[in-house]
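What follows is one structure encoded as C-alpha cells, with my remarks underneath.
This structure is a prediction, so every number in the text was calculated from the model and none was measured.
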Amino acid sequence: MMPKGHLKLKNLHIKGLDHIIAFSPLKDQMSSAYTVDVDNSKIENFAFIIKAYKGSFANNITLKNTLFKNCSNGIVLAADLKGDYNAEMVLIDHCTFLNIDKNVIDFFRDGYDESTIGGHLTVTNSNFTACGKLEKSSILLKTKGIINVLLANNTFKENPVDYAALLWGEKNNHYTNNTFIKSGEIKVEEQQKLKILY
C-alpha cells in the first residue's frame, strides 16, 4: 500500500507463498493513511494476511464474507511500542479464519495518551477454527491497549489457546453471544500493564 492508497477487492481467490505478505504498507515514508476493503474473497497460503510497519496508518480496514486459510500469521497491526498504533477502524464481519498459525489478530497500542481515540476493532459473525497452534502468548485475538473492541456472535472452535481474547475492562471493550468449543474463553482485565517508553 502507498500513501493515500485505497484498495478494494471483491470476488477474488488469492493464493500466495509462505514467505509473501498479502497486504502491507511501505516500510518507510507512509506519509498519509491508506484503506483496505476485501469482500467475498478467499485468501490463503501467505506469511501474513496484513502486516503493518512503524509509522504506517490505516484509516479503515474492512474484511467481509472472506475466508482466510493456511497462513503463518494473520492481521498484525502492532508495529510500534511508543503509543502509536497502526489503524483507526478495523471491521471483520462474516469471515472465516482457518489454520492460521499465530497472530490471528494482533492489534496493539501502548502508552497512556488519551488524546487519541485509540483504535476500533469490531469482529462479528465470524469463525475461528484450528488457529493459534504456534501462538506463544496463548491468546488468539490480541487487542492490548485498544480502546474500543467489540466481539459479537463469533464461533471459536478447536483453537489450542487459553484465551480467545483478553479484553480491557476499564475501556470500551465488550463481548456478547460468542461460542467456544475447545478454544479457551474471553477474559476481562480491569487494568492492563502499560509501559511508558521514552
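- Applying the side-chain hydrogen bond (donor to acceptor under 3.5 Å, both in side chains) rule to Asn70 yields the partners Asn99; only residues at least two apart in sequence or on another chain are considered.
- The two residues Pro160 and Glu158 have their closest heavy-atom pair at CD-O, 3.6 Å.
- Remark: Ala165 engages Leu141, Leu151, Leu167, Ile186 in a side chain to side chain contact (heavy atoms under 4.5 Å, CB included) (not counting sequence neighbours).
- At least one side-chain heavy atom of Tyr175 sits less than 4.5 Å from a side-chain heavy atom of Val188.
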- [ ] Could you check Asp106 against Thr143 for side chain to side chain contact (heavy atoms under 4.5 Å, CB included), going step by step and ending with a plain yes or no?
- [x] CA-CA 6 Å; Asp106 187 0; Thr143 63; over 6 Å; no
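- Taken to the nearest 0.5 Å, the CD atom of Glu88 stands 8.5 Å off from the CG atom of Asn60.
- Legend: residues meeting side chain to side chain contact (heavy atoms under 4.5 Å, CB included) with Ser126, ordered by chain and number and at least two apart, are Ile92, Cys95, Val123, Phe128, Asn154.
- His120 contributes atom NE2, which lies 11.5 Å from atom CG of Leu91 (distance to the nearest 0.5 angstrom).
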Task: side chain to side chain contact (heavy atoms under 4.5 Å, CB included) between Met89 and Asn59, intermediate numbers included - done: CA-CA 6 Å; Met89 301 285 186; Asn59 277 331; over 6 Å; no
Task: Step-by-step side chain to side chain contact (heavy atoms under 4.5 Å, CB included) determination, Ile14 to Lys42 - done: CA-CA 6 Å; Ile14 305 173; Lys42 181 177 179 181; over 6 Å; no
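- Of the inter-residue distances, the one linking Leu9 atom CG with Thr66 atom OG1 reads 9.0 Å to the nearest 0.5 angstrom.
- In this structure, the side chains of Phe23 and Val38 come closer than 4.5 Å at one or more pairs of heavy atoms.
- Judged by distance alone, the side chain of Ser56 and the main-chain N or O of Lys54 form no donor-acceptor pair under 3.5 Å.
- Within the 4.5 Å cutoff, no side-chain heavy atoms of Ile21 are placed close to those of Ile50.
- Residue pairs meeting the salt bridge (charged side-chain N to carboxylate O under 4.0 Å, His left out) criterion with at least one partner in residues 58-67, sequence neighbours excluded, are absent.
- Summarising the geometry, atom CG belonging to Asn65 is positioned 7.0 Å from atom NE2 belonging to His94; distances are rounded to the nearest 0.5 Å.
- Glu135 places a side-chain N or O within 3.5 Å of a backbone atom of Ser137 that can act as its donor or acceptor partner.
- The closest side-chain heavy-atom distance from Tyr163 to Leu140 is not below 4.5 Å.
- Counting side-chain heavy-atom gaps under 4.5 Å among Ile, Leu, Val, Met, Phe, Trp and Tyr, the cluster of Leu98 also holds Leu67.
- Between the side chain of Asn86 and the backbone N or O of Ala58 there is no donor-acceptor pair closer than 3.5 Å.
- Ala47 meets the side chain to side chain contact (heavy atoms under 4.5 Å, CB included) test with no other residue; sequence neighbours excluded.
- Smallest separation of non-hydrogen atoms from Met30 and Pro25: CE-CB, 3.7 Å.
- A donor-acceptor pair under 3.5 Å is formed between the side chain of Asn173 and the backbone N or O of Trp168.
- In this view, Ser183 and Asn159 satisfy the side-chain hydrogen bond (donor to acceptor under 3.5 Å, both in side chains) rule, not counting sequence neighbours.
- Listed by first and then second residue, the side chain to side chain donor-acceptor pair (under 3.5 Å) pairs that reach into residues 1-17 are His6-Thr35, Asn11-Asn40, His13-Glu44, sequence neighbours excluded.
- Partners of Thr179 according to the side chain to side chain contact (heavy atoms under 4.5 Å, CB included) rule, which considers only residues two or more places apart in sequence or in another chain, are Thr155, Ile181.
- Pairs engaging residues 25-66 under the ring-ring contact (aromatic ring centres under 6.0 Å, His included) rule: Phe57-Tyr85 [sequence neighbours left out].
- The salt bridge (charged side-chain N to carboxylate O under 4.0 Å, His left out) contacts involving residues 90-103 comprise Asp101-Lys133, where partners must be two or more places apart or lie in separate chains.
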- [ ] Kindly indicate, with the supporting measurements, whether the criterion side chain to side chain donor-acceptor pair (under 3.5 Å) is fulfilled by Asn103 and Lys142.
- [x] CA-CA 8 Å; Asn103 299 314; Lys142 296 179 284 188; 2.6 Å; yes
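- Remark: Ile75 CD1 to Ile49 CD1 distance equals 5.5 Å, nearest 0.5 Å.
- Among residue pairs with one or both ends in residues 17-33, none qualify as side chain to side chain donor-acceptor pair (under 3.5 Å); sequence neighbours excluded.
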